[in-house]
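Read through the structure below, which is laid out as structure tokens, and then see the notes.
Hydrogens, waters and symmetry mates play no part in the numbers below; they use all other heavy atoms, side chains included.
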Protein chains: 2
Amino acid sequence: MRLTEKKLTSILRQRGYRLTPQRRAVLKVIALSSDHLTPAAIYERVRRKHPGIGLVTIYRTLAVLAELGLICEVHAGGSCRSYLMRKPPGHHHHLICSQCGRVVDFSDCDLGGLEQRLARENGFKIEGHLLEFLGLCPACQKSAQA
Amino acid sequence: MRLTEKKLTSILRQRGYRLTPQRRAVLKVIALSSDHLTPAAIYERVRRKHPGIGLVTIYRTLAVLAELGLICEVHAGGSCRSYLMRKPPGHHHHLICSQCGRVVDFSDCDLGGLEQRLARENGFKIEGHLLEFLGLCPACQKSAQA
DNA sequence: CAGGTAAGTGAAAAACGTTTTCATCTACAC
DNA sequence: GTGTAGATGAAAACGTTTTTCACTTACCTG
């Protein structure tokens, strides 16, 4: 499902939000990057085409886009700052390079059995989970050998 | 393995650190709590017995204890602030109540197969993973019904 | 068990990242 | 076009974490 202008407007409108040039620009920057980006990095990139935009607007826009499920957060490894990246389909997870920060998505985590067992043993009603693998990507493995 | 005074000193000394009353107090507070605690919460509790301690020392001590593997961080749900809690044995994960923040540990995650597949498919050398389940604990399920 | 020294401490201030406030502006239903 | 709820940008407030620096102390040496 491509995200046409019209569809985007309707997704926003459904919840009482509007499609502004700023929001379009933020979403575009995130969509065009294959990496996760900090709010500051997004700010910098959006400003190249949109010099007047304020960092505040970035934060507000990220909150809205995340609420609508159009983007999602990454807790990259040790550094706890929440990065953001484009979300392909529904439920998914991350494989993160601990050196260069590159992120790969994967979606089939097969945690259903574990989830059921934990729910039963602890009485929890489980709503979701966060799964991230940390390691070295192929490129960083090579450069580490040198 | 109980953490005797002597053993603790030796763990610290091995890396050039010293065992100060402040460090002992911080570790004790974390060890005695069954919950995860923010740096500020730890500060408050340590101050009850140790009024002169500074928040700076808490942060420095937490960094040292985490580096030594005596404590570990939790990325509780949406809020990304790194909480801390005592670490039982080695590898373990968290089951977090999204309402009251209660944390339950579990250790058998059985992710070996997935890890191998991801490593093979993406060329990553996987070093570790973060797995957290979010949900409602029994108490919060009850209070939600009211 | 004293003495010297590298390591640790506490206070204040700086440096962050993020949120709030408020006056102004604008997307969009009519 | 017009009105208005919603959005924006600048400045300031905020809370958390880090840095700096003078002073103190744990602990190795003899």
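Heavy-atom distances under 4.0 Å link DNA chain C to A:L55, A:V56 of residues 46-58 of chain A, given in residue order.
Every residue meeting the salt bridge (charged side-chain N to carboxylate O under 4.0 Å, His left out) condition with A:R15, not counting sequence neighbours, appears here in chain and number order: A:E67. Under the side chain to side chain contact (heavy atoms under 4.5 Å, CB included) criterion, A:A40 pairs with A:T38, sequence neighbours left out.
Distance A:L62 CG to C:dG17 P: 14 Å, rounded to the nearest Å. The separation between A:L12 atom CG and D:dG6 atom C1' is 12 Å, rounded to whole Å. If you measure from atom CD of A:Q14 to atom P of C:dC28, you get 14 Å, rounded to the nearest angstrom. For the pair A:L19 CG and D:dA5 P, the computed distance is 21 Å after rounding to whole Å. Rounded to whole angstrom, the span from the CZ atom of B:R15 across to the P atom of C:dG8 amounts to 13 Å. Rounded to whole angstrom, the span from the CD atom of A:E67 across to the C1' atom of D:dA7 amounts to 15 Å. Per the geometry, CZ belonging to B:R60 stands 18 Å off P belonging to D:dT16, to the nearest Å. The separation between B:Y59 atom OH and D:dT17 atom P is 3 Å, rounded to whole Å.
If you check distances only, the side chain of B:R18 does reach the base of C:dA6 with a donor-acceptor pair under 3.5 Å.
Counting heavy atoms from C-beta on, the side chains of B:L111 and A:L111 come closer than 4.5 Å. Side-chain contact between A:L114 and B:L131 is present, with heavy atoms from C-beta onward closer than 4.5 Å. Counting heavy atoms from C-beta on, the side chains of A:Y17 and A:R23 come closer than 4.5 Å. Using a 4.5 Å heavy-atom threshold, the side chains of B:I126 and A:L95 count as touching. A 4.5 Å side-chain heavy-atom check between B:R117 and B:E121 finds at least one atom pair inside the cut-off.
Side-chain N/O atoms of B:T20 include none lying less than 4.0 angstrom from OP1 or OP2 on C:dA7. Checking the phosphate oxygens (OP1, OP2) of D:dG9, a side-chain nitrogen or oxygen of A:Q22 falls inside 4.0 Å.
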Taking only N/O atoms, report every protein-nucleotides 28-30 of chain D pair under 3.5 Å with atom names and distance.
{"residue": "D:dC28", "atom": "OP1", "partner": "B:R13", "partner atom": "NE", "Å": "3.4"}
{"residue": "D:dC28", "atom": "OP1", "partner": "B:R13", "partner atom": "NH1", "Å": "3.4"}

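Within the 3.5 Å criterion, the main-chain N or O of A:G123 finds a donor-acceptor partner in the side chain of B:Q141.
Under a hydrophobic-cluster definition in which Ile, Leu, Val, Met, Phe, Trp and Tyr are linked whenever side-chain heavy atoms come within less than 4.5 Å, directly or via other members, A:I58 and A:L19 are assigned to the same cluster.
Taking the six-membered ring for Trp and thresholds of 30 and 60 degrees, B:H129 and B:H93 have nearly parallel ring planes, at less than 30 degrees apart.
Listed by first and then second residue, the side-chain hydrogen bond (donor to acceptor under 3.5 Å, both in side chains) pairs that reach into residues 48-63 of chain B come to none, sequence neighbours excluded.
Remark on the helix from C:dC1-D:dG30 to C:dC30-D:dG1: inter-end axis angle 40°, axes from five-pair C1' superpositions, rounded to 10°.
Between A:F124 and B:G135 the shortest heavy-atom distance is CD2-C, 4.1 Å.
The nearest heavy atom of DNA chain D to A:G16 and to B:Y17 marks one nucleotide each, and the one closer to the 5' end goes with A:G16.
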